[in-house]
Structures are given as structure tokens and as C-alpha cells.
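For reference, the structure discussed in these notes is given below.
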Amino acid sequence: QVRLVESGGGLVQTGGSLRLSCAASGSLYNFHIMGWYRQAPGEERRLVARIFDDGTTYYVDSAKGRFTISRGSAMNTMVLQMNDLKPEDTAVYYCNLQHRNSDPYWGQGTQVTVSS
């Protein structure tokens, strides 16, 4: 019922920046939480940042001070601005949307590779 499409991934050198975007479409409710997860090779998918309906944000410790999550300029969009990227940030990044009392929705993922 909900489709999520990520974009903005790519190859960047250490210290560089990338801006990820997520566009949501389908059967959306007014109240929903959106976030970014990432999964490195051989690792579990883990939360990176999340934004709530009231604008409250959450960041994993490794992302604090470097990443910024916000709602995009277009309706039902979300962006993740990533600055000062490090090799350990290399992963597939997934957009996530969660309604209350509902199963989460996932995008297909976008590859972020940070070279040393």
C-alpha cells in the first residue's frame, strides 16, 4: 500500500557529503514516522536517524553532528544530509515508514560507498 523510493546514494571520498532522499506514495495516513536505516555487508540492518510527526528527531551516536534528517520540500518526502562521511558509513541505506499499529514499509535501498 505504501511505496518508498530512495535516491542520492553514490561513491564519495572520506570527508565528503551526500544527500539522500526518500519519496513516499500510496495509502498514507496523517501520522507516520519515517527514518533511515543502513545495512553493511555481513551486518544487521540498523537505525541511523528517525523523524517523528512533530518534527522530533533521533540519531544514532555515530551520526550525531554529521547527519541531519528532515522532511523534504515536497509532500511525503524525507531527506538525510550526510556530511563528513567516513568509510564506516559504507552501507545500503533504506528508507522506512511506520504507521501506528502497522507493519513497517521499506524502500529498495540505495548504496553509499565512502572510500579512504
Side-chain angles (χ1 to χ4, degrees):
Q1 291 185 338
V2 175
R3 184 190 181 198
L4 304 174
V5 179
E6 303 99 334
S7 62
L11 175 64
V12 66
Q13 293 183 341
T14 298
S17 299
L18 286 173
R19 184 179 178 89
L20 306 183
S21 297
C22 176
S25 61
S27 300
L28 301 176
Y29 295 93
N30 289 334
F31 300 100
H32 57 268
I33 300 170
M34 297 185 70
W36 289 96
Y37 290 69
R38 66 187 179 190
Q39 186 170 20
E43 302 290 336
E44 296 181 346
R45 189 175 301 182
R46 299 183 180 274
L47 176 67
V48 178
R50 185 159 57 194
I51 186 166
F52 299 86
D53 292 327
D54 63 358
T56 303
T57 57
Y58 166 85
Y59 300 92
V60 69
D61 287 343
S62 61
K64 292 179 180 177
R66 299 189 298 124
F67 294 3
T68 302
I69 188 171
S70 62
R71 302 197 183 278
S73 58
M75 187 173 62
N76 296 322
T77 61
M78 178 185 62
V79 301
L80 181 68
Q81 179 66 46
M82 304 187 294
N83 298 324
D84 192 24
L85 285 163
K86 304 174 181 179
E88 49 264 43
D89 295 318
T90 296
V92 177
Y93 284 69
Y94 295 90
C95 179
N96 168 268
L97 185 147
Q98 177 75 64
H99 293 112
R100 181 171 174 81
N101 299 324
S102 179
D103 293 331
Y105 295 92
W106 298 95
Q108 299 88 347
T110 184
Q111 177 70 50
V112 171
T113 302
V114 184
S115 63
S116 59

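Quick note: residue numbers are just sequence positions, from 1. Fair warning: this is a prediction, and the values are worked out from it, not measured in the lab.
- Rounding to the nearest 0.5 angstrom, the gap separating the CG atom in L97 from the OG atom in S102 is 8.5 Å.
- Looking only at distances, a side-chain donor or acceptor of E6 sits under 3.5 Å from a matching main-chain atom of Q108.
- A distance of 9.0 Å separates CG of N76 from CZ of R71, quoted to the nearest 0.5 Å.
- Both V112 and L4 belong to a common hydrophobic cluster when Ile, Leu, Val, Met, Phe, Trp and Tyr are linked at side-chain heavy-atom distances under 4.5 angstrom.
- When all heavy atoms of M78 and C95 are compared, the closest pair comes out as CE-SG, 3.6 Å.
- For residues 39-61, the set of pairs meeting the ring pair (Phe, Tyr, Trp, His ring centres under 6.0 Å) definition, not counting sequence neighbours, is empty.
- For R46, there are no salt bridge (charged side-chain N to carboxylate O under 4.0 Å, His left out) partners, not counting sequence neighbours.
- Within the 3.5 Å criterion, the main-chain N or O of S115 finds a donor-acceptor partner in the side chain of T14.
- No donor-acceptor pair under 3.5 Å is formed between the side chain of T113 and the backbone N or O of T90.
- If you take CZ on R50 and CD1 on I33, they are separated by 6.0 Å, rounding to the nearest 0.5 Å.
- Applying the salt bridge (charged side-chain N to carboxylate O under 4.0 Å, His left out) test to D84 and every residue at least two apart in sequence or in another chain returns nothing.
- Under the 4.5 Å side-chain heavy-atom criterion for Ile, Leu, Val, Met, Phe, Trp and Tyr, F67 and W36 are members of the same hydrophobic cluster.
- Here R45 pairs with Y37, Q39, Y94, W106 under the side chain to side chain contact (heavy atoms under 4.5 Å, CB included) rule; sequence neighbours left out.
- Applying the ring-ring contact (aromatic ring centres under 6.0 Å, His included) rule to H99 yields the partners Y29, H32; only residues at least two apart in sequence or on another chain are considered.
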Item to check | Residue pair V2, L28: steps toward the side chain to side chain contact (heavy atoms under 4.5 Å, CB included) verdict | outcome: CA-CA 7 Å; V2 175; L28 301 176; 3.8 Å; yes
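- Atom CE of M34 sits about 11.0 Å away from atom OG of S70, to the nearest 0.5 Å.
- Of all non-hydrogen atoms in P104 and N96, the two that sit nearest each other are CB-ND2, 3.4 Å.
- The number of heavy-atom neighbours closer than 6.0 Å to CD of E88, taken from other residues, nucleotides and ligands shown, is above 12.
- Sorted by first then second residue, the disulfide bond (SG atoms under 2.5 Å apart) pairs that include residues 38-92, not counting sequence neighbours, number zero.
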Next on the checklist: One pair to check against side chain to side chain contact (heavy atoms under 4.5 Å, CB included): M82 and L80. What are the steps and the verdict?
Outcome noted: CA-CA 6 Å; M82 304 187 294; L80 181 68; 3.8 Å; yes
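- Here the closest heavy-atom approach between residue P87 and residue S116 is recorded as CG-CB, 4.2 Å.
- Two different hydrophobic clusters hold V92 and Y105 under the rule that ILVMFWY side chains link at heavy-atom gaps under 4.5 Å.
- T110 has its side chain out of reach of R38: every pair of non-hydrogen atoms, C-beta onward, lies at least 4.5 Å apart.
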Next on the checklist: Assess the residue pair Q81 and N83 against the criterion (side chain to side chain donor-acceptor pair (under 3.5 Å)); give the C-alpha distance rounded to whole Å, side-chain angles, the decisive distance to 0.1 Å, and a yes or no.
Outcome noted: CA-CA 7 Å; Q81 179 66 46; N83 298 324; 3.0 Å; yes
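- Comment: D89 does not engage K86 in a salt bridge, judged by the lack of any side-chain N to carboxylate O separation of less than 4.0 angstrom.
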